[in-house]
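Lettering follows sequence order; numbering is per chain, from 1.
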Amino acid sequence: MIKPVKNEMQPKMAVEIAGIKLKNPIMPASGTFGYGEEYAPYLDLNSLGAIVTKGLSLKPKAGNNTPRICETVSGMLNAIGLQNVGVDAFIKYKMAYLEQYSTPVIVNFFGNTQDEYGEVAARLDDVPGVAALEMNISCPNVKHGGIIFGTDPRAAFAAVSLVRKRTSKPLIVKLTPNVTDIQITARAAEDAGADALSLINTLTGMAVDVKTRKPRLANIIGGLSGPAIRPIAVRLVHQVVQAVKVPVIGIGGISRAMDALEFLIVGARAVQVGTANFVDPNAMATIIAGLEEFCREEGVADINDLIGTLEL
Amino acid sequence: MIKPVKNEMQPKMAVEIAGIKLKNPIMPASGTFGYGEEYAPYLDLNSLGAIVTKGLSLKPKAGNNTPRICETVSGMLNAIGLQNVGVDAFIKYKMAYLEQYSTPVIVNFFGNTQDEYGEVAARLDDVPGVAALEMNISCPNVKHGGIIFGTDPRAAFAAVSLVRKRTSKPLIVKLTPNVTDIQITARAAEDAGADALSLINTLTGMAVDVKTRKPRLANIIGGLSGPAIRPIAVRLVHQVVQAVKVPVIGIGGISRAMDALEFLIVGARAVQVGTANFVDPNAMATIIAGLEEFCREEGVADINDLIGTLEL
Amino acid sequence: MKNLKTIVLSNQEISPGYFRMKILAPGYNNTAKPGQFVMFRVQRSLPPLLRRPFGIFRAGFMPADCDSMQPKEFIELIYKVVGSGTEIMQRLHQGDPVELLGPLGEGFDLGVAEEEKILVGGGIGLVPLYMLAERMVETSRVRLLMGGRTRDDIIMVTEFERLGVETYVSTEDGSLGEGGMITQVLKRKLDKFPKSTVFACGPMPMIDAVQKICFERGTPLQVSLEALMACGVGACLGCVVKGAGHTEVEPRYLCTCTSGPVFNAENLDWNKIEVTVVGSGGCK
Amino acid sequence: MKNLKTIVLSNQEISPGYFRMKILAPGYNNTAKPGQFVMFRVQRSLPPLLRRPFGIFRAGFMPADCDSMQPKEFIELIYKVVGSGTEIMQRLHQGDPVELLGPLGEGFDLGVAEEEKILVGGGIGLVPLYMLAERMVETSRVRLLMGGRTRDDIIMVTEFERLGVETYVSTEDGSLGEGGMITQVLKRKLDKFPKSTVFACGPMPMIDAVQKICFERGTPLQVSLEALMACGVGACLGCVVKGAGHTEVEPRYLCTCTSGPVFNAENLDWNKIEVTVVGSGGCK
Ligand SMILES: Cc1cc2nc3c(=O)[nH]c(=O)nc-3n(C[C@H](O)[C@H](O)[C@H](O)COP(=O)(O)OP(=O)(O)OC[C@H]3O[C@@H](n4cnc5c(N)ncnc54)[C@H](O)[C@@H]3O)c2cc1C
Ligand SMILES: Cc1cc2nc3c(=O)[nH]c(=O)nc-3n(C[C@H](O)[C@H](O)[C@H](O)COP(=O)(O)OP(=O)(O)OC[C@H]3O[C@@H](n4cnc5c(N)ncnc54)[C@H](O)[C@@H]3O)c2cc1C
Ligand SMILES: Cc1cc2nc3c(=O)[nH]c(=O)nc-3n(C[C@H](O)[C@H](O)[C@H](O)COP(=O)(O)O)c2cc1C
Ligand SMILES: Cc1cc2nc3c(=O)[nH]c(=O)nc-3n(C[C@H](O)[C@H](O)[C@H](O)COP(=O)(O)O)c2cc1C
Ligand code: FES
Ligand code: FES
């Protein structure tokens, strides 16, 4: 099924985000690639643009009761509940493993209070090998009645500002799609000092077992990901690219090179692949190859020449 | 594939919404069933719980340029632009046709200003055969910089209050999912006098043709509908049911009886079927039959006994 | 007009990338008109979500066999594999279940008997012209101008010739018939037979060029258009084209699925006609 | 451990609703251990989105034939049609492309040779026990207690007997073997052979009951669990069960896909064990 190569040129695939150089614009989405190790038997981690790890908190976190996942039409719901080993164990065990690879490591993290966010960022600040931090603001703010940091632009601004003070690493803020106007949170994060934005996190959803009349997830509500959400993600990335100056990383339902291209064309500088890793552990390698092929076929010498070329 | 009928009982399927009696909880979603007539060759309109017509405005509306539709993974984007014949032509030609059926007719409508909303409602007020009005608040408020009525709870409250004064018909307010907290808009609509709420309207989305680098819709952004959005719709209906006292009509990605049941179980009193009509013009008849079969198999004597039975 | 749950009778490649599918279709032989189409449901499960529109190539009877008392009605489609739906279609076998909604839309007006008819088509645009020719050859002289980029786009020549249609082939790359555009052939024929009526179906640039030629000469023209369709029955308003006299203030949108797909050229707004079917592959 | 793009060799119904599928699987014969599983990709296109986990029933060689120089390795799955994925699986034919990720997870510990072994299973729970029995009969006396609701759930009896396993059948409705629960048979056997080790795989209520019996008597027990899985490799954390000593403050979640699916019963928290696989049909 390989189409004829129009010319033999090797397109340039490297992109730069917030000062980090990536071999290519493809990286895993947090929480869908473990700590990297899990997929090493299936995929050359050195072939990726970056590795993005499971979200970390200050202390180890248990996560939710089961069932935690559920398939939906062309998507899946998850309510893992951010189970993770905690930042200290990550630094000690998981980073040690990842250091053997040349690929930049982006560490996703979260907190239940501003201070927790700040503390995690601070602990990661002097860890060699951590190329950048990705701050997940889709967490309930326990100090303020559980409202999600990412849905309240003021809370987002305050939390990002604090984290900004506590880290010298490039800071990527990951936005939630569950808002009326994402341009507002995007600007709040940018104003607070984010070096880049990534989006989207999952859309909140729910499914019911009609026989037992129980929710399919123990947590009742979960996050929807996968191909089903792609059109929503492309729209949100398009809107954020127009609202901010910092680079944007596109996420949501990417499973083929064509999907990644939609995000790059609307202006994402790089993309993350999530649920597709579960479906095909080799998905990212196939996408990278597909992007190269597309560039060759279309005569694009440098993938950067494609970014933001949407014709309106 | 018909499963064995456990008993011969004929379950009661009638439900009541805002004083309107429906034979069963199944009706089409506005904009996916034309003015009823279009599907009459394929489906007995008298078998439906209600007929919901394409959204009407004060004057006829041209709608958007083409392309207006686009298939996505398990969904579709549309940017029809609310093309319609206008309220007067509707009353004169379309209602005349619909009067031959015994099924209640629910008329969906919208405006670009509060006054336009009020005026359309007033013109429909004394039209016999109109069982209820469904007010679509997912429209840009031209007086206030294009902000969508439905995303601003104050604008929603004001518009619904005005319409409430101008009609004595039961008033259903149709909510948009593109908000941070749907419970706020839901309560605003209830407080302003809505007799029932229906949700969800489409989620805003976008798709790009990677070869031409153009958006797939002339309008750039469109509304996502179909099976892909169901988990999001179920979650929103669940949240709204908990926030208000008025009955709720569930909408979003319903194509099988099982799908309708998810909405009924979380507490919707009735449901609307949209995109599925395009896929199978007989979808609603199949869903009605499937609901009856489910009730028989599960020993549910009255469909009302299922509504809101979610076990948490 | 109804939704028919039926089965595939056969499905074969007839030219690289072009397939011919025969489907059991009770009721179609007497009702389907040239230019009408069906909304075809590829399979019961997703993907694809939406049905796909296809012109009816031919409707007919199969002779009664031993098993069944009555002759069986069928229709045939001819389709080109371009995207997700047609990719699945090419893998369908005899006996596979499919669904047909139709026959739908307004077909061709056969025009006055005895008068000269010129059909212009290319690629899958030839599909609806076949049934039209089948009906017209009974009373009129029919000429068919077939055009395409390359020889693979020229399909069904033998079938048309067997009907007694005079066929003229041209390809842009000269790989079959005359080299160049179909429009130069059309001009020549119209010079010779100025009283002809023209019937066109094909890619939008071709139809646009044919319209210009016919308009200049006052030649009556019927065109069959393609548009993205969700419902096929006038309910979604996805498939509209601008009608003659369309303005922003007084919009005159016509549904391709119910007012078309065949239109009298004079009923359309040719200044604003849009190629709504974007690039290759549509949306996925 | 790798992702294998391969093909179906055969696929047949062996009991109402139960199918046996043979898949070409180079590399599996030497590596797959009893109790391990594969993540099976039903088809390249959607649906379903996620892969489905299936225990490995058997791994083996097909003798070399004329066409191929080398003998071909294969694995076999046995699956019950319960939902969207298995519905598609039952329609797969010889030659159809599929993908296998595996062999995955921790399998059974074969235990001390010569000692008595009791296997307890029902329905598709019998699948991983077959390969286990195959290995154990070489050195130990193996008894298999098969239980189920009705006779259709008792599959592969002949296959097990052919291995030299003593099989005891019970069904709740008495339609095959002894009437009643498998647990009453287990008690009797443990009374008679108190030094046995037990290996169980089946529906959660059965496993739960077996655990209680073994725990009371101090009988060593290995169980194979099912859980909803997205990745199968420890990355999504969807498939966890609570480990022994789990508390809210010091959570000890174990991934069924990497620490299991086979666990030593003593490593699990039996007070809080949840039946995560809800009702019939899972999520769609
Ligand atoms: C009235 C009518 C008659 C047609 N007759 C024929 C015929 O006889 N033979 C034939 O091969 N094709 C015909 N077409 C075009 C045919 O519908 C498309 O080629 C087909 O839908 C492509 O589906 P796909 O899933 O393979 O492509 P995809 O690109 O994956 O389809 C995605 C979406 O775009 C739509 N789409 C893509 N291309 C077209 C197109 N050219 N026209 C309309 N919609 C499109 C699809 O219906 C679908 O909704 C006709 C179209 C119309 C409107
Ligand atoms: C380690 C392991 C080994 C298994 N071995 C076998 C086997 O040998 N034979 C066999 O028939 N079945 C086995 N199962 C169960 C099998 O995975 C499910 O029956 C199958 O996934 C159902 O898919 P479906 O699409 O038909 O059902 P659906 O209900 O449509 O599936 C929807 C979702 O629920 C999941 N799901 C549904 N039922 C189960 C279940 N019982 N366990 C885990 N996930 C489930 C599916 O994987 C999918 O993600 C095993 C499960 C696990 C975890
Ligand atoms: C099982 C699972 C776990 C996830 N965990 C995290 C997480 O820890 N932190 C985070 O920021 N996002 C998390 N996400 C969200 C993904 O990173 C991503 O934003 C989302 O899945 C959308 O991308 P996709 O459609 O490609 O999966 C998780 C998603 C899934 C499916
Ligand atoms: C083509 C199309 C046109 C629509 N037009 C309207 C409309 O005029 N008024 C309205 O309130 N909703 C309109 N909708 C939204 C539907 O009524 C419904 O809320 C949405 O499609 C979700 O349901 P579904 O997933 O079952 O399609 C339209 C949807 C589609 C697909
Ligand atoms: S296709 Fe829906 S109106 Fe024409
Ligand atoms: S299935 Fe993903 S961690 Fe076990």
Undergrad: Can A:Met135 and A:Val160 be said to form a side chain to side chain contact (heavy atoms under 4.5 Å, CB included), step by step?
TA: CA-CA 8 Å; A:Met135 177 178 176; A:Val160 176; 4.0 Å; yes
Undergrad: Give a yes or no answer on whether the side chain of B:Asn24 reaches the backbone of B:Met13 with a donor-acceptor pair at less than 3.5 Å.
TA: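 Absent.
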Undergrad: Just checking, any donor-acceptor pair under 3.5 angstrom between side chains of A:Asn65 and A:Asn219?
TA: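 No.
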Undergrad: If you count heavy-atom pairs within less than 4.5 Å of chain B, which of A:Pro227, A:Ala228, A:Ser74, A:Pro231 leads?
TA: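 Greatest number of close heavy-atom pairs with chain B: A:Pro231.
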Undergrad: Sort A:Ile232 into side chain, backbone, both or neither according to what part of it lies under 4.5 angstrom from a heavy atom of chain B.
TA: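 The answer is both parts of A:Ile232.
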Undergrad: In terms of heavy-atom proximity below 4.5 Å to chain B, should A:Leu310 be classed as side chain, backbone, both, or neither?
TA: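 Both backbone and side chain of A:Leu310 come within 4.5 Å of chain B.
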Undergrad: Would you please say whether a donor-acceptor pair under 3.5 Å links the side chains of A:Ser138 and A:Asn201?
TA: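 Yes - a donor-acceptor pair under 3.5 Å links their side chains.
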Undergrad: Most heavy-atom pairs under 4.5 angstrom with chain A, which of B:Ile229, B:Thr151, B:Asn178, B:Leu203?
TA: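 Max contact count across the listed options: B:Asn178.
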Undergrad: Could B:Lys214 and B:Asp209 be called an ion pair, given the rule that one side-chain N must be under 4.0 Å from one carboxylate O?
TA: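 No, B:Lys214 and B:Asp209 are not salt-bridged.
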Undergrad: Might you point out which heavy atoms bring A:Ala260 and A:Ile287 nearest each other, and give the distance in Å?
TA: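 Smallest interatomic distance, heavy atoms only, reads CB-CG2, 4.1 Å.
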Undergrad: Counting only non-hydrogen atoms closer than 4.5 Å, does A:Phe294 touch chain B with its backbone (N, CA, C, O), its side chain (CB onward), both, or neither?
TA: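 Answer is side chain: those atoms of A:Phe294 sit under 4.5 Å from chain B.
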Undergrad: Examine whether an atom of A:Leu261 lies under 4.5 Å from a heavy atom of chain B, and if so say whether it belongs to the side chain, the backbone or both; otherwise answer neither.
TA: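 A:Leu261 touches chain B through backbone and side-chain heavy atoms alike.
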Undergrad: Return the option, out of A:Val179, A:Leu77, A:Val208, with the maximum number of heavy-atom pairs under 4.5 Å with chain B.
TA: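 Heavy-atom pairs under 4.5 Å are most numerous for A:Val208.
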Undergrad: Looking at every heavy atom in both A:Val15 and A:Pro25, which two are closest together, and how far apart are they?
TA: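 That closest heavy-atom pairing would be CG2-CA, 3.9 Å.
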Undergrad: Looking only at heavy atoms and a cut-off of under 4.5 Å, which of A:Ala218, A:Ala233, A:Gly205 has the most pairs with chain B?
TA: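 Most heavy-atom pairs within the cutoff with chain B belong to A:Gly205.
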Undergrad: Chain B heavy atoms under 4.5 Å from A:Val266: which part of the residue, side chain, backbone, both or neither?
TA: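 Contact with chain B involves the side chain of A:Val266 alone.
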